[in-house]
Structure formats: structure tokens, C-alpha cells
Chemist: 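Take a look at this one; I'll ask things after.
All of these numbers come straight from a predicted model, not from anything done at the bench. Numbered from 1 within each chain, the chains take letters A, B, ... in sequence-line order.
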Amino acid sequence: MEAAQASDRGQIERLRQQIRKLQAAPRSYLATLRTGIHLLDELLPANGLQLGQAFELWGEAASGRSSLAFRALAAATREHRLGAFVDGPGELYPPAAAAMGIDLARLLIVRPKAPGKLVWTAVQLARSGAFACVVLDLTHTGVRLTIADGKKLSDAAFQGGSCLLLLTPPDAPGEGMTRLRVSARGLEGLRVEVMRSRQGAVGSWVLIPWPELPPGEAPVYRYVERPESNEPRGDDAPSERVRRIKMSWQRDGHGIARSRPGRDVALPELGSSLGL
Amino acid sequence: MRLLYLHLPRFPLQRRAIETPSVAGKAVAFIEEVKGQRKVAFASAAAQAAGIRPGMTLAAATALVPSLRHFPYQPRAEGEALLALGECLLCVVPQFQVSVPDGLWLDASAAALCQGEEGLCKRVLEICASQGFRAAAALASQAFTARALARHGSKPVQIIASCESAGALCSLPLAALGESAPSTVAALGSLGLTTLGEVASLPVGAVAARMGAAGLYVHRLCRGEDDTAFVATALPEVLEEGIDLDWPAESLEPLLFALKTLLDRLCARLSGRRKAAVRLTLTIKLDPTGEAKVGLVLARPCARPKLLLDLTRHRIADLSLPHPIARLQIRVDESCDEPGNQLALGDHPEGDSSLEVVLSRLSTALGEQSLFAAEVKPSHRPENAYVPQPFRPPARDGGLVAGTRGRLAPTPPELDPALAERPARIFPRPASLEVDLDPQGELVCARFLGKRRKATAIAGPERLCGEWWGEDAYHRDYYRVHFEGFGPTWIYRDTRDGQFYLQGMFD
């Protein structure tokens with residue numbers, strides 16, 4: 001009986017030690033989402049995107065804004081937190097998001113049918129506190145944020161402790177939050193400039209090369225390098241010829257020798273193979 | 001078989017007091033129609049103190065207490081309410097039998113799981129109290145013994161061993177025989193017998209000779225011998241709860257009070273069945289006519305009344321109705337098994353309820369299809385490379401390990417390296433491009449977004465083709481193209497029609 005009691009006491013003491021160890025274990029408290037793009041992180045006043053704040057990525061549809069948002073979402077999911085993408089235009093391509101390091105199981109994609117519900121949805125998600133990073137894509141939606149909308153979004157991010165990222169087109173900028181202007185600079189990369197910020201660094205900018213956008217080793221593209229012409233845009237006259245120096249590589253899912261026996265190439269005659 | 005009888009004194013009155021708190025403590029009676037006369041079926045304690053008794057006509061009762069509030073007695077509704085209470089108790093008992101009008105027989109064979117029979121009785125009474133009901137319980141091997149002791153015993157909990165039934169019954173009054181054999185009971189009373197023990201002490205032969213089979217049956221009951229079979233009540237397929245409002249409601253507050261009662265009951269029934277609701281319908285009946293239906297779709301199965309009340313309040317807060325609300329009815333349209341959730345040391349019982357609330361709210365407001373998580377599929381056709389899945393994020397590290405760095409995370413599945421070359425956004429329908437080609441057939445410029453743009457750099461092609469065996473074959477040469485004044489785009493030439501299409505943008 002006494003032996004059993006001693007064994008129980010030993011077991012309880014071991015469990016106590018385990019609990020003490022767990023309580024003393026170092027914790028990670030997420031306060032800033034570091035995108036992993038050093039140039040961008042250094043540009044931002046807090047060396048990253050702060051939780052509890054709203055940021056606006058303002059630029060064209062092909063300027064690299066989504067990739068920057070993906071890196072922020074990837075940083076959140078890497079910390080076992082949840083991310084949400086309110087996909088206004090319905091153009092988000094999740095495989096590309098996965099390739100940027102996002103754990104798709106932790107990414108909620110919301111596609112409201114009514115554009116009027118976009119801001120409301122983002123407010124609900126950010127205010128809930130369940131998501132570390134919420135992205136609201138307003139590109140190609142025709143939604144223009146009012147000052148009241150901007151205030152709602154900022155307040156929701158503050159209340160929920162989420163990082164709210166807005167992807168806004170050039171013709172519909174947001175209001176009342178840190179604005180980063182993102183623009184493509186040909187083959188060089190994308191330029192990110194701080195247009196508005198309460199924490200300083202307004203007017204500073206960086207040029208992020210395209211290969212630095214994806215995490216890890218970026219795919220190599222071999223382009224024709226050709227300076228942009230001085231012709232006015234919209235000119236309907238045909239431009240000079242573009243010469244392709246080298247194609248990158250080919251993936252051919254077309255079968256053996258890029259042919260479909262029986263359709264692209266005639267099938268061998270049965271008689272000749274039989275020696276008739 | 002050990003049986004537990006749960007007696008709910010004046011059950012219809014208790015139920016009314018829960019639904020309409022304003023009648024609690026007042027003189028209230030339930031009226032039934034007997035041979036064309038309206039008679040009191042149940043009277044509250046205040047009414048009984050004023051002299052109103054069951055069986056009295058309504059006219060006489062009203063003469064005694066002019067302010068008497070009376071309601072029609074509906075045996076069917078009371079039976080359904082008892083059945084609902086029985087379902088709530090299924091979390092501690094495997095089956096039950098309804099005993100109209102104010103009791104339940106419960107199968108006590110799983111008492112060992114509640115620390116014995118006494119523990120089971122206490123647990124049952126706790127559940128009843130949580131529902132707002134006052135009750136007494138008796139556990140015995142015979143149905144009659146359990147019922148008689150629960151209804152007429154002096155203690156709220158009584159446990160009777162199988163061989164002690166006769167002894168336990170001997171002090172009970174003749175009224176404990178109740179509706180077993182009314183004429184025989186009356187005859188026994190006329191003989192001067194007052195307790196069951198006195199009846200049990202009569203010689204069997206004499207009782208049989210004077211009172212026949214009915215007397216013999218009563219005699220056996222008094223001796224603690226009852227072989228009445230336990231017949232478990234079948235559960236209804238549809239889970240539905242309703243409540244009539246005391247007064248037609250025009251504001252949110254009384255509505256929410258009624259909703260809370262309703263959802264408490266519904267969730268208790270769901271928990272009893274080990275189920276969780278997935279889809280519910282709230283029917284709001286208006287006074288005098290009309291009704292409105294509100295659908296409630298839950299992103300995560302749920303049987304928690306607080307969460308459901310929060311979601312329902314959100315849904316009905318903006319509802320505008322032409323008339324006041326007279327009745328609320330809620331039905332579970334779809335449910336699933338609820339295996340339960342084991343909390344870790346240091347976990348908060350509410351869990352990640354904020355996530356559930358926001359998911360349910362969005363799902364309700366935007367539609368179920370609008371929320372999803374994506375899963376990558378091995379498909380060369382870009383638009384088929386993922387499928388939407390219900391959003392079920394992995395559970396967070398709970399308890400003391402939350403936030404620690406030494407977590408064991410499962411290795412993420414390896415992705416196809418080709419996905420790194422896919423654009424961040426693709427269009428639901430590729431846009432046909434008006435292009436200029438050089439004599440070699442290579443792209444020079446294209447017109448899109450209202451402008452003719454010169455291609456300044458091209459990488460490609462990446463040929464994607466397949467499904468040639470079907471009607472939906474594709475054969476495309478993809479190019480990553482930088483247009484003048486624009487970022488990289490993803491266009492392809494469909495080799496079947498020779499046209500160029502803009503499919504995505506490397507945003």
C-alpha cells in the first residue's frame with residue numbers, strides 16, 4: 001500500500017516538473033509580420049507589418065501587391081496563426097499562394113458575391129481577432145473606400161489585433177491608413193514607396209527585384225531585354241519586332257515526341273510489321 | 001432492470017412559469033374540458049392556497065380567485081415537452097419512457113458511470129434544475145415502486161434495493177396507487193385501509209375472492225411486485241422546439257428572452273443525442289397572421305446555446321416585420337455527430353469561439369459557398385489546379401504548450417515546383433487578346449485594358465496540354481510577358497484556334 005502511494009507521489013512530482021517546464025518554455029508572441037523580403041521590412045517603420053494596423057498596397061493589378069500580401073500571410077501561417085483573403089474580384093490563385101509559403105489549410109478565402117459586402121466582411125474578420133492577417137482585395141471591383149470605411153477597417157484591425165492589408169487599384173485609393181504605393185519597373189522589379197504613414201518614412205522607397213518575391217530559390221526566366229520605346233502609349237501603329245533570344249524551358253505533356261499516335265502522327269501499318 | 005422515476009410536480013405549471021416568468025407565484029390553473037365542462041386540471045400553489053383544487057369547474061375556481069389566470073391544458077404539448085426533457089437526460093441515461101402527465105421513467109442501467117445510483121439521481125435532478133424544473137427521483141427495480149415513491153415519498157432522492165420494495169411502500173397512502181385501479185382503491189379506502197402496507201398485509205386469497213383480478217393486481221403492487229415492462233419512447237426524427245410569447249413582441253428584448261429559453265432546450269436535446277446542429281430554421285409567427293423564416297447555417301457544427309443565440313440575434317436584429325411576433329419555432333434541419341472535445345491542461349473552455357462566431361456569421365450572411373479553404377490538386381490545367389474545401393483549420397496548440405517554440409509541426413506536403421511560376425491572380429475566364437505578330441508569328445504587342453501595349457520581354461513558352469481523349473481537350477503555350485508600362489502577365493496561345501488569351505497577372 002505504502003509502495004503504491006510512494007509511486008503515485010513520484011508520478012505527481014514528475015507531472016509537476018513537466019508543467020513547470022512547459023510554463024517556463026520560451027513563448028513566441030507575434031507582434032509584427034516580417035515578410036522575409038529584407039528590403040521591404042527595412043523600409044517599414046516597425047521592420048515589418050505591425051499587427052493591429054491597416055496597410056494599403058496601392059497600385060496596378062500586375063505590380064506585385066498580391067505577392068507582398070502573400071508573404072505577409074505566409075509569415076502568419078508559419079506561426080500557426082490564421083490568415084484570411086477577402087477576394088473581391090475572385091481572381092486569387094491559391095496554388096500560387098501555396099508556392100509563396102502559405103499553409104492553405106490556415107487560409108480562409110472569402111468571395112462575397114455582392115461588392116457592397118467586401119468591407120463588412122473584412123471588418124468582421126479583422127475584428128474577430130481569430131486571424132493574424134486579413135487581406136482585402138478591391139481590385140477590379142469598382143469599390144471605392146470612403147473615409148468612414150477606412151476608419152472602420154483601421155478600428156477593426158486595432159480591436160482584433162490583426163494586420164489588415166488592402167489591395168487597392170490606382171483609381172480607387174483608400175483613406176486613413178498607411179499607404180504603400182507599389183509599381184512595376186519593367187524587368188528590374190517592383191518599386192514600393194511609403195506614401196502615407198504616421199510613423200514616418202514618408203517618401204522613402206525601395207526597388208525589390210522580381211526574383212526576391214518568392215521565398216527560396218526563384219525560377220529563372222530568360223527574357224528579351226529591350227528598352228521601352230518613347231512612343232506614346234495607345235499608339236495603334238505596330239511596334240518593331242521583338243526578337244526572342246532563348247526560350248526558358250518547355251514542359252511537354254504531349255506524349256512521346258510531342259505527338260499523339262493516331263491523331264498527329266499516323267499509326268504504323270499493321271501489315272508491314274507482320275511482314276506481309 | 002433498475003428504473004429511475006423522475007416526478008415533476010405540476011409539470012405544465014412549471015413549464016409555463018419558465019416560459020412566462022410573470023405567472024410565477026401567481027394563481028394559475030390549467031383547464032381541461034371534461035364532458036362539456038371546463039374543469040381545473042392543474043392548479044398552482046397560490047391557487048391551491050386559495051382553495052382551488054383539480055377537478056373544480058372553472059366557474060367555481062374563478063369565483064374563488066377572480067384574478068385567476070387560466071390556460072388550456074394540452075396533453076399532447078405536455079407530452080412533447082416531457083419527451084424533450086427526456087432527450088436532454090439522454091446524456092446520463094441510455095433510454096427513457098414518458099409517463100404522462102408529469103413524469104419520466106429512466107433506464108438506470110448506466111448508473112455506474114455517474115458514481116452509482118445516488119449519483120445518477122443527483123445528476124438527473126441537476127439537469128432538470130438547469131432546465132428550470134423542480135423534480136423528485138426514486139430508483140427501484142419495479143416501475144410502480146419507483147413511481148409511487150417519487151410522487152408520494154418524503155425525500156427528493158430515494159434508492160430502493162430490489163428486495164426492499166414492500167418495506168419502502170408500506171407507509172405510502174392509498175392515493176399512491178393512483179390510476180392503477182381507481183374503483184378498487186376506492187373500495188379499499190371504504191374498508192378503512194389508509195396505507196399500502198395495510199393492503200399488503202391482507203391475505204391474498206381473501207383479496208382475490210372479494211375483489212377479483214383487479215384486487216389481486218393492487219395487492220401485488222402493494223407487496224412490491226410489479227412486472228410492468230419498460231418500453232422506451234422512440235425519439236422524433238425532427239428536432240423542433242416552439243414557444244408562444246406571453247404578449248406579441250414588438251421589440252428585440254422579449255424576443256431574445258424567448259429565444260434563449262428555446263435554444264437552451266434545443267441544445268440540451270442535441271447534447272442528449274450527442275449531436276450538433278449544422279443548419280437551423282427559425283420560424284417567426286406573427287400576430288394575427290403571417291410568418292417569416294430565417295435560415296441559420298453554421299460553419300462549424302455547434303450545440304452551444306450561447307453561440308447560437310449570438311448568431312440568431314445577429315440575424316434577426318436587422319429584420320423588419322409587418323406585425324408583432326406571437327410565436328417562435330426553431331427546427332434543426334441538419335445535424336451531425338458531436339464527438340466532444342477534450343480540453344488540455346490550461347485550456348479555456350470557450351476555445352476558439354471567436355473563430356466559430358465569425359465563420360458562422362459570414363456563412364449566414366454571405367452563403368455557405370462564399371467561404372472556403374483551397375486544396376491544391378495535381379492538374380496541368382491551371383484553372384483546375386485547386387478545389388475549394390470547407391475551412392477546417394488545424395487545432396491551435398492548447399493549454400500550457402500554446403505559443404511555445406518547441407512545437408511538433410507536421411511536415412507540409414511537397415508542392416509541384418511548377419507552381420512557383422504561376423501568377424498570383426488568374427481570371428475566371430481568360431480574356432481574348434487582340435495582338436500584333438511579326439512575320440515569324442511572334443508576339444509584338446497586344447491591346448488590353450483599353451490600350452495597345454508593346455511587349456518588352458517574353459519568356460516561354462511553357463506548353464500545357466492534356467485531356468485529348470475528351471471533348472474538353474486543351475493545348476496551350478504559356479508566356480510570361482512584360483508589356484510596356486505594366487507588370488508581368490501570363491498569356492497563352494491556344495494552339496487549337498491560334499488565338500492569344502490573357503489568363504493571369506503576376507501581381
Chemist: B:Pro382 versus chain A, heavy atoms under 4.5 Å apart: side chain, backbone, both or neither?
Modeler: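 Contact with chain A is through both the backbone and side chain of B:Pro382.
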
Chemist: Using a 4.5 angstrom heavy-atom cutoff, name the option from B:Asp477, B:Ile426, B:Leu437, B:Leu419 with the most pairs to chain A.
Modeler: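 Sorted descending by pairs with chain A, the first entry is B:Ile426.
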
Chemist: Quick check on the interface: out of A:Leu68, A:Asp137, A:Leu92, A:Leu190, who has the most heavy-atom pairs with chain B under 4.5 Å?
Modeler: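 Among the listed options, the one with the most contacts to chain B is A:Asp137.
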
Chemist: Enter the distance from B:Leu366:CG to A:Thr121:OG1 here, rounded to the nearest 0.5 Å.
Modeler: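 It comes to 4.5 Å.
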
Chemist: Please tell me if the side chains of A:Leu107 and B:Phe391 come closer than 4.5 Å, counting only heavy atoms from C-beta onward.
Modeler: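 Sidechains of B:Phe391 and A:Leu107: no contact.
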
Chemist: Give me the ring orientation class for B:Tyr386 and A:Tyr93: parallel if the planes are under 30° apart, tilted from 30 to 60°, perpendicular past 60°.
Modeler: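 Because their plane-to-plane angle is over 60°, the rings of B:Tyr386 and A:Tyr93 count as perpendicular.
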
Chemist: Between A:Ala96 and B:Pro423, what is the shortest heavy-atom contact and its length?
Modeler: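 Scanning both residues, the minimum pair turns out to be CB-O, 3.2 Å.
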
Chemist: According to salt bridge (charged side-chain N to carboxylate O under 4.0 Å, His left out), does anything in residues 83-93 of chain A pair up with another residue at least two apart or in another chain? List the pairs.
Modeler: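 Residue pairs with at least one partner in residues 83-93 of chain A: A:Asp87-A:Arg111, A:Glu91-B:Arg425.
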
Chemist: Is any side-chain heavy atom of B:Thr456 closer than 4.5 Å to a side-chain heavy atom of A:Leu187?
Modeler: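 Of all side-chain heavy-atom pairs linking A:Leu187 with B:Thr456, none is under 4.5 Å.
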
Chemist: Among A:Leu108, A:Leu125, A:Val110, single out the residue with the greatest number of heavy-atom pairs under 4.5 Å to chain B.
Modeler: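 Ranked by contacts with chain B, first place is A:Leu108.
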
Chemist: If every non-hydrogen atom of A:Trp210 is compared with every non-hydrogen atom of B:Phe506, which pair is closest and at what distance?
Modeler: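 Shortest heavy-atom contact: CZ3-O, 4.4 Å.
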
Chemist: Chain B heavy atoms under 4.5 Å from A:Phe85: which part of the residue, side chain, backbone, both or neither?
Modeler: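 A:Phe85 has no heavy atom closer than 4.5 Å to chain B.
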
Chemist: Give the minimum heavy-atom separation between A:Leu104 and B:Ala373, together with the two atoms involved.
Modeler: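 Distance-wise, the nearest heavy atoms are O-CB, 4.0 Å.
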
Chemist: Give the member of A:Pro95, A:Ala184, A:Ala99 that has the highest number of heavy-atom pairs under 4.5 Å with chain B.
Modeler: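 Counting heavy-atom pairs under 4.5 Å, the top option is A:Pro95.
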
Chemist: Work out which heavy atom in B:Asp507 is nearest to a heavy atom in A:Ala61; give both atom names and the distance.
Modeler: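 It is CG-O, 2.6 Å.
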
Chemist: Just checking B:Gln369: does its CD atom have more than 12 heavy atoms from other residues, nucleotides or ligands closer to it than 6.0 angstrom?
Modeler: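 Open.
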
Chemist: Counting only heavy atoms closer than 4.5 Å, note whether A:Ala98 contacts chain B via side chain, backbone, both or neither.
Modeler: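 Contact with chain B: backbone and side chain both.
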
Chemist: Give me the atom names and distance for the closest heavy-atom approach of A:Pro94 to B:Ala374.
Modeler: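 Where A:Pro94 meets B:Ala374 most closely, the heavy atoms are CB-CB, 3.4 Å.
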
Chemist: Please determine, among A:Gly90, A:Gly160, A:Ala105, the option with the most heavy-atom pairs under 4.5 Å with chain B.
Modeler: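 Of the options given, most contacts go to A:Ala105.
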
